[in-house]
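Numbering starts at 1 and runs along the sequence shown. Whatever order the structure lists ligands and atoms in, that order sets their numbers, starting from 1.
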Amino acid sequence: MNIVMINGSARKGNTLTAINVFKKGLANCHEIDIINPDQLNIAPCKGCGACQCHQGCVDQDDTNSTINKIVAADMIVFASPVYWWGISAQLKLIIDKCYCRGLQLKGKKVGVIIVGGSPTDNIQYQLIKQQFQCMAQYLSWNVLFHQSYFANSRDDLSNNKQALSELEKLGQQLD
Ligand SMILES: Cc1cc2nc3c(=O)[nH]c(=O)nc-3n(C[C@H](O)[C@H](O)[C@H](O)COP(=O)(O)O)c2cc1C
């Protein structure tokens with residue numbers, strides 16, 4: 001499979017750990033691309049609607065090359081820290097920009113990895129899960145997993161053996 005992973009964190013912390021461990025579990029036959037929005041030049045969606053009668057986004061930045069990768073993927077893994085009870089602006093930026101090719105994201109396999117600084121009974125994880133469920137329903141996604149982890153300091157997740165083994169197994173289980 002061609003798997004695109006979107007890293008919603010700018011720091012080398014828990015989200016990156018989760019991405020790397022999941023990636024470690026994946027078989028060599030997969031093609032993997034990690035998108036780091038904070039290292040790209042992507043303007044937020046202006047809602048101009050020009051994309052609806054134009055091929056792609058009119059912004060002359062990294063938007064179209066990034067969205068091309070996502071459209072070409074068989075599977076998208078969305079990974080984000082919790083920021084203010086929701087996903088990070090970095091991840092939301094990319095999701096918003098997918099609007100220009102929205103329906104071409106139909107039927108994708110999807111995985112979601114969320115890491116927050118509060119225990120997993122916090123309502124924030126349900127809110128985020130519901131948001132992804134709505135997107136999945138709209139775009140007929142096949143959500144293969146949605147994982148939420150409690151990790152606050154940069155290296156908390158790398159010290160959570162259970163989380164690491166779970167994430168690696170999720171990678172191994174993909175065919
Ligand atoms: C701007 C900002 C907002 C945050 N808001 C929340 C929040 O609402 N709930 C929460 O549990 N943790 C919150 N956190 C903590 C992060 O989710 C937590 O530290 C996470 O592990 C960061 O992931 P990272 O190491 O991949 O960047 C926030 C952190 C930042 C920087």
| task | Decide if the gap between the ring center of Tyr125 and the ring center of Phe150 is smaller than 6.0 angstrom. | result | no
| Side chains of Val110 and Asn142: does their closest heavy-atom pair fall under 4.5 Å? | no
| said: Is the distance between the ring centroids of Phe78 and Trp141 under 6.0 Å? | reply: yes
| message | Using side-chain heavy atoms (C-beta onward) and a distance below 4.5 Å, is Met75 in contact with Leu144? | response | yes
Protein N/O near ligand 1 N/O, under 3.5 Å, which pairs?
from: ligand 1; atom 1: 5 (N); to: Val82; atom 2: O; distance (Å): 3.4
from: ligand 1; atom 1: 5 (N); to: Trp84; atom 2: N; distance (Å): 2.9
from: ligand 1; atom 1: 8 (O); to: Trp84; atom 2: N; distance (Å): 3.0
from: ligand 1; atom 1: 8 (O); to: Trp85; atom 2: N; distance (Å): 2.9
from: ligand 1; atom 1: 9 (N); to: Gln124; atom 2: OE1; distance (Å): 2.7
from: ligand 1; atom 1: 11 (O); to: Gly117; atom 2: N; distance (Å): 2.9
from: ligand 1; atom 1: 11 (O); to: Ser118; atom 2: N; distance (Å): 2.9
from: ligand 1; atom 1: 11 (O); to: Ser118; atom 2: OG; distance (Å): 2.8
from: ligand 1; atom 1: 11 (O); to: Gln124; atom 2: OE1; distance (Å): 3.4
from: ligand 1; atom 1: 11 (O); to: Gln124; atom 2: NE2; distance (Å): 2.8
from: ligand 1; atom 1: 12 (N); to: Gly117; atom 2: N; distance (Å): 3.1
from: ligand 1; atom 1: 14 (N); to: Val82; atom 2: O; distance (Å): 3.2
from: ligand 1; atom 1: 17 (O); to: Val82; atom 2: N; distance (Å): 3.4
from: ligand 1; atom 1: 17 (O); to: Val82; atom 2: O; distance (Å): 2.7
from: ligand 1; atom 1: 19 (O); to: Arg11; atom 2: NH2; distance (Å): 3.4
from: ligand 1; atom 1: 19 (O); to: Asn152; atom 2: O; distance (Å): 3.0
from: ligand 1; atom 1: 19 (O); to: Asn152; atom 2: OD1; distance (Å): 2.9
from: ligand 1; atom 1: 21 (O); to: Asn14; atom 2: ND2; distance (Å): 2.8
from: ligand 1; atom 1: 21 (O); to: Ala151; atom 2: O; distance (Å): 2.5
from: ligand 1; atom 1: 25 (O); to: Arg11; atom 2: NE; distance (Å): 2.7
from: ligand 1; atom 1: 25 (O); to: Arg11; atom 2: NH2; distance (Å): 3.0
from: ligand 1; atom 1: 25 (O); to: Asn14; atom 2: N; distance (Å): 2.8
from: ligand 1; atom 1: 25 (O); to: Asn14; atom 2: ND2; distance (Å): 3.4
from: ligand 1; atom 1: 26 (O); to: Ser9; atom 2: OG; distance (Å): 3.3
from: ligand 1; atom 1: 26 (O); to: Asn14; atom 2: N; distance (Å): 3.3
from: ligand 1; atom 1: 26 (O); to: Thr15; atom 2: N; distance (Å): 2.7
from: ligand 1; atom 1: 26 (O); to: Thr15; atom 2: OG1; distance (Å): 2.6
from: ligand 1; atom 1: 27 (O); to: Ser9; atom 2: OG; distance (Å): 2.7
from: ligand 1; atom 1: 27 (O); to: Arg11; atom 2: NE; distance (Å): 3.1

| message | Does any part of the side chain of Leu26, heavy atoms only, come nearer than 4.5 Å to the side chain of Gln172, both counted from C-beta? | response | no
| query | Going hydrophobic residue to hydrophobic residue with side-chain gaps under 4.5 angstrom, can you get from Ile87 over to Ile70? | reply | yes
